[in-house]
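Here the structure is laid out as C-alpha cells; the discussion comes afterwards.
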Amino acid sequence: MTRIPLHREWHGDEDSPHPPLLLLHGGGSTIESNWGMLLPLLERSRSVLAVELQGHGRTAAGDREPSFEESADDVAAVLAELGVGPVDVLGFSNGGQVAFQLAARHPALVRKLVLASAPLRRDAMVDGFWAGLEAGRFEDLPAVYAEADLAVSRDPEHARRMFELDRALMLGFEDVPDELVASVTAPTLVVGADRDVVRTGHFMEVAALLPDARLLIVPGTHGDYLGEVLAAAGDDRALRAFLPHLLTFLDAPR
C-alpha cells in the first residue's frame, strides 16, 4: 500500500527530558483546530510532534481508501523517517482509533497511550449518531472546520474531500476485536466526557480489556477537555482541569 506523506511539525522544548508526545487529531480537524489551545500548555515542558492525517489540513487526500490501520502505518513511517520512538501518543476521536492501531501494529513505537473519546466498536456511539452520519452532507460540516482547513490547505475543495474521507472512514469502520484490544501492552489512559458522543460505558469496557489501563471520565463534551475548537469554543476551563491528569499519567514511571 502506498504511504501518504503526512504534514508534521515540532513544538516545544527539544531538550526536554520527557519522551516526545505525538498528537493525532480527530475527524475534520487540523493541528490548529484540534490542538491550538493545548499546544502552548504542553510545549512549556516537552517536545511535541503533531501530524495531519490523510486529507486533513496540509496533507494530501491521495487516491487511497481511508482506514485507521493505513493511517497508523502512515504515522509509523513518519516516526521512522524522523528516527524517533518510542513516543507517548495522544489521539482524539478518529485520531484515537489511529493511535490505538499504531500501538497494536507498531508496539515498539509507543511508550504510553492516551485514547481520548475514541470509539473502538460501532455500538459505542450514542443513539442517532449513525443515522446522522448516513444523512450527512458537506454543507452540514461546521463552518469552523471548513475555515480551519481552508486556512492551511488554501484549497476550497480540500475540505470537501476531507469530509468525504471522514464520512467513508466512519461508515466503513468495523469493531476492533476484543483480543486485539487486549494485545496492546502500552500503559494506557482511556479518557471520555460524561456528555460525549461516545457512551461512557464504552470507555469502561475498553479500559477493562486493556492489560494496563487507567480510566478517566471528565465533565464535559466531545473534546472540550482538549480545547478542541468546536467543543471548547474558546473556553479553556475544561482543558486546564484535564491537563494535570494528562501530565501525571505521562510523567509517572512505567
Side-chain angles (χ1 to χ4, degrees), residues 1 3-4 6 8 18-27 29 31 34-35 38 42 46-54 56 66-122 124 169-170 173-192 198 202-216 223 226 242 245-254:
M1 182 67 69
R3 298 269 66 81
I4 291 178
L6 306 182
R8 80 293 303 263
H18 301 290
L21 175 61
L22 170 66
L23 300 181
L24 300 176
H25 62 75
S29 298
I31 292 170
N34 204 143
W35 310 117
L38 178 59
L42 289 175
R46 65 193 65 227
S47 180
V48 183
L49 174 63
V51 303
E52 287 172 332
L53 300 171
Q54 180 183 3
H56 291 72
S67 80
F68 296 117
E69 293 86 352
E70 292 294 342
S71 284
D73 291 348
D74 291 341
V75 173
V78 170
L79 296 177
E81 179 186 338
L82 295 175
V84 296
V87 297
D88 295 334
V89 185
L90 166 57
F92 168 62
S93 196
N94 282 6
Q97 298 194 55
V98 175
F100 170 82
Q101 292 293 340
L102 180 68
R105 296 165 73 85
H106 305 276
L109 294 178
V110 179
R111 189 188 80 105
K112 288 189 176 183
L113 177 64
V114 182
L115 300 177
S117 296
L120 300 185
R121 291 203 304 260
R122 292 182 68 87
L169 180 65
M170 283 301 287
F173 159 51
E174 297 180 354
D175 292 355
V176 176
D178 288 355
E179 54 269 26
L180 185 60
V181 179
S183 74
V184 171
T185 57
T188 303
L189 178 63
V190 178
V191 188
V198 182
H202 179 69
F203 302 128
M204 299 171 64
E205 293 159 5
V206 169
L209 285 169
L210 288 161
D212 185 0
R214 296 181 60 186
L215 173 67
L216 176 64
L226 297 173
F242 166 68
H245 297 285
L246 173 64
L247 297 181
T248 295
F249 170 74
L250 294 177
D251 295 346
R254 285 198 58 172

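Owing to the predicted nature of the structure, the values given are computational and were not obtained by experimental measurement.
- Closest approach of V191 to F242, counting heavy atoms only: CG1-CE1, 3.9 Å.
- Side-chain contact check for I4 versus L6: some heavy-atom pair is nearer than 4.5 Å.
- Here the CG-CG distance, from L22 to L102, works out to 7.0 Å after rounding to the nearest 0.5 Å.
- At least one side-chain heavy atom of L42 sits less than 4.5 Å from a side-chain heavy atom of L247.
- Considering only residues two or more places apart in sequence or on other chains, P211 meets the side-chain contact (heavy atoms from CB on, under 4.5 Å) condition with none of them.
- Using bins of under 30°, 30° to 60° and over 60° for the plane-to-plane angle, the ring pair F68/F173 lands in the perpendicular bin.
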Donor-acceptor contacts under 3.5 Å from residues 183-190 side chains, at least two apart:
unit_1, atom_1, unit_2, atom_2, d
S183, OG, L180, O, 2.6
T188, OG1, A186, O, 2.8

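- Shown here for A116 and L226, the closest heavy-atom pair between the two residues is CB-CD1, 4.0 Å.
- In this structure, the side chains of L23 and N34 stay at 4.5 Å or more apart for every pair of heavy atoms.
- Using a 4.5 Å cut-off on side-chain heavy atoms (C-beta onward), L90 and L38 make contact.
- Pairing each heavy atom of A99 with each of V89, the nearest pair is CB-CG1, 3.7 Å.
- You'll find the side chain of L82 reaches within 4.5 Å of the side chain of L49, heavy atoms only.
- To the nearest 0.5 Å, the span separating CG on D175 from CZ on R122 amounts to 7.5 Å.
- Within the model, atoms CG of L169 and OG of S71 stand 7.0 Å from one another, a figure rounded to the nearest 0.5 Å.
- In plain terms, the two heavy atoms of A207 and A213 that are nearest each other are O-CB, 3.6 Å.
- Of the possible donor and acceptor atoms, none in the side chain of H25 sits under 3.5 Å from a partner among the backbone N and O of E52.
- Pairs engaging residues 96-110 under the side chain to side chain donor-acceptor pair (under 3.5 Å) rule: D73-R105, D73-H106 [sequence neighbours left out].
- Partners of E81 by salt bridge (Lys or Arg N to Asp or Glu O under 4.0 Å), not counting sequence neighbours, listed by chain and number: R8.
- Put simply, CZ on F203 and CG on L120 are 9.5 Å apart, with the number rounded to the nearest 0.5 Å.
- Exactly one residue among V84, V87, L250, D88 makes a side chain to side chain contact (heavy atoms under 4.5 Å, CB included) with P19. That residue is D88.
- For S117, the side chain to side chain donor-acceptor pair (under 3.5 Å) partners two or more places apart in sequence, or in a different chain, are D196, Y225.
- Closest non-hydrogen pair, P119 versus A124, comes out as CB-CB, 3.8 Å.
- Taken from NZ in K112 to CG in L246, the straight-line distance is 10.5 Å, to the nearest 0.5 Å.
- Environment of CZ in R111: crowded, with over 12 heavy atoms of neighbouring residues, nucleotides or ligands closer than 6.0 Å.
- Partners of R121 by side chain to side chain donor-acceptor pair (under 3.5 Å), not counting sequence neighbours, listed by chain and number: D123, E205.
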